[in-house]
Number of protein chains: 2
Amino acid sequence: MADRPLRADARRNRDRVLAAADAAFGERGFGVPLDEIAAAAGVGPGTVYRHFPTKEALFEAVSLARVQDLVADAQARATATDPGSAFDGFLTRLAEEADRKRDLPDALAGAGARGMSDAVAELQAALDVLLARAQTAGAVRGDVTVPDLIALLKGLLQVVGTDSDPALGRRVFAVVRDGLRPQQG
Amino acid sequence: MADRPLRADARRNRDRVLAAADAAFGERGFGVPLDEIAAAAGVGPGTVYRHFPTKEALFEAVSLARVQDLVADAQARATATDPGSAFDGFLTRLAEEADRKRDLPDALAGAGARGMSDAVAELQAALDVLLARAQTAGAVRGDVTVPDLIALLKGLLQVVGTDSDPALGRRVFAVVRDGLRPQQG
DNA sequence: GACGATACGGAACGTGCGCCCCGCTTCGCT
DNA sequence: AGCGAAGCGGGGCGCACGTTCCGTATCGTC
């Protein structure tokens with residue numbers, strides 16, 4: 001467990017693999033063959049396995065960074081003065097990222113993995129703050145829970161990422177956003 | 001092309017395969033191995049291929065029936081006196097079927113297939129009537145299009161079908177339904 | 001009941017992909 | 001420069017799955 005520092009070339013290759021994986025997973029989701037990622041990184045498949053025990057581990061490494069980004073963003077917004085637009089801002093950011101990060105739904109779904117679950121838990125906590133503040137401020141309906149929100153976002157990301165028409169994505173997003181507002185009646 | 005009548009055992013096997021495929025696809029989506037479907041039908045894989053040229057063709061045969069069901073339902077509701085609740089009713093029906101028909105999203109997505117596209121076109125036409133009537137009646141916001149609706153439903157079905165908590169599904173559905181209402185402002 | 005046509009079953013093939021192995025290269029220290 | 005250790009590459013294995021082939025069984029007719 002002495003975590004000896006990596007040799008220079010090893011570190012370089014590791015970084016290249018991560019970069020290639022980030023790009024490939026982002027564009028096409030978890031489905032990309034590992035050999036392709038290796039090739040894009042200018043590396044043999046064996047090298048990928050020297051650094052990551054499994055394809056899933058590689059995916060998690062990439063996803064972890066993505067989710068941690070989201071957490072940081074959510075936390076930053078949580079201190080904004082207007083809870084409603086803080087919530088909106090977060091949702092909008094997600095919608096905008098949808099087609100640049102096709103793997104986000106998979107990442108959110110794969111909460112079963114080690115280490116990943118911590119990040120997802122953090123995300124849930126951060127969303128909890130964002131959501132609760134927006135709810136008490138009357139910007140979001142009260143009966144929605146954090147799991148609901150995540151499920152909704154997952155679906156939204158999938159739809160927006162799958163369909164090519166950006167206008168459709170915007171309208172669908174608007175429907176969901178409006179549905180999240182308090183309903184009179 | 002003389003479409004000679006099938007031998008008795010052939011017809012029986014064909015029906016069994018269709019029934020098994022319907023059940024398997026419905027429960028687990030397009031992903032089920034074909035061998036498993038064959039086994040469930042008490043038949044060898046070769047027999048399946050005697051009746052359907054490809055796995056996709058089998059899936060389409062099942063999907064076609066599902067989509068045609070939806071079309072019939074939508075058409076029936078289209079003549080109801082209250083356009084708003086007709087629309088709601090259709091949505092509710094879909095939400096209720098979500099976990100019994102896990103393949104519905106795939107079926108809606110696979111509009112690229114022959115014959116299938118006809119059925120999807122019919123569904124679009126039927127939805128068009130349902131939607132237009134609900135919109136003119138003021139029950140649904142005017143900026144939503146049929147493709148929007150289908151994308152939304154696809155996402156909804158996926159989310160509801162994936163998650164095990166039925167209460168979550170109900171709340172998510174409520175959010176979407178409310179988001180589809182005309183927004184004041 | 002016998003014969004040809006039809007259909008069946010499941011072993012086998014091809015492909016795609018995750019993952020491992022091992023001979024060779026490269027690094028880093030002295 | 002030289003040597004041991006660390007790392008690399010890519011061929012190859014095993015598995016899953018869609019699809020095909022063909023020897024055998026079943027059907028339907030005369």
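No hydrogens, no waters, no symmetry mates; every other heavy atom, side chains included, goes into these values.
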**Message:** Run the side-chain contact (heavy atoms from CB on, under 4.5 Å) test on A:Leu149 and A:Val140 for me, step by step, so that the C-alpha distance in whole Å, both residues' side-chain angles and the decisive distance to 0.1 Å come before the verdict.
**Reply:** CA-CA 11 Å; A:Leu149 192 56; A:Val140 171; over 6 Å; no
**Asked** Judged by atom type as modelled, is there a donor-acceptor pair below 3.5 Å linking the side chain of A:Arg177 to the main-chain atoms of A:Asp88?
**Response** no
**Asked** Is there a path of hydrophobic side-chain contacts, each under 4.5 Å between heavy atoms of I, L, V, M, F, W or Y residues, that connects B:Leu94 with B:Val159?
**Response** no
**Complete:** Each nucleotide of nucleotides 25-30 of chain C classed B (base within 4.0 Å of a protein heavy atom), S (only sugar-phosphate) or -, in 5' to 3' order, makes -BSS--
Show the atom names and distances, to 0.1 Å, of all donor-acceptor pairs under 3.5 Å that link a side chain in residues 124-135 of chain A to residues at least two apart or in another chain.
from	atom 1	to	atom 2	distance (Å)
A:Arg133	NH1	A:Ala78	O	2.2
A:Arg133	NH1	A:Ala80	O	3.1
A:Arg133	NH2	A:Ala80	O	3.2
A:Gln135	NE2	A:Arg141	O	2.9
A:Gln135	NE2	A:Gly142	O	3.4
A:Gln135	NE2	A:Val144	O	3.0

**Message:** Starting from B:Val62 and following side-chain heavy-atom contacts under 4.5 Å between hydrophobic residues (I, L, V, M, F, W, Y), which residues can be reached?
**Reply:** B:Val17, B:Leu18, B:Phe25, B:Phe30, B:Val32, B:Leu34, B:Ile37, B:Val43, B:Val48, B:Tyr49, B:Phe52, B:Leu58, B:Phe59
**Request:** Please find the earliest and latest nucleotides of DNA chain D, in the 5' to 3' direction, that have an atom within less than 4.0 Å of any heavy atom of chain A.
**Result:** D:dA5 to D:dG10
**Asked** Base, backbone or nothing for each nucleotide of nucleotides 17-24 of chain C, written B, S, -, heavy atoms under 4.0 angstrom, 5' to 3'?
**Response** SSBB----
**Request:** Report yes if a side-chain nitrogen or oxygen of B:His51 is closer than 4.0 Å to either non-bridging phosphate oxygen (OP1 or OP2) of C:dA7; otherwise report no.
**Result:** no
**Prompt:** Are A:Asp69 and A:Arg66 ion-paired here, with the side-chain N under 4.0 Å from a carboxylate O?
**Reply:** no
**Request:** Answer yes or no: is there an ion pair linking B:Arg171 with A:Asp143, defined by an N-O contact shorter than 4.0 Å?
**Result:** no
**Request:** Without swapping roles, check the side chain of B:Thr145 against the backbone of B:Asp148 for a donor-acceptor pair under 3.5 Å.
**Result:** yes
**Message:** Show, in sequence, the C-alpha distance, side-chain angles and deciding distance for A:Leu104 and A:Leu70, and conclude whether the side-chain contact (heavy atoms from CB on, under 4.5 Å) test is met.
**Reply:** CA-CA 10 Å; A:Leu104 257 178; A:Leu70 288 186; 4.1 Å; yes
**Asked** Partners of B:Arg11 by side-chain contact (heavy atoms from CB on, under 4.5 Å), sequence neighbours excluded?
**Response** B:Leu6, B:Asp15
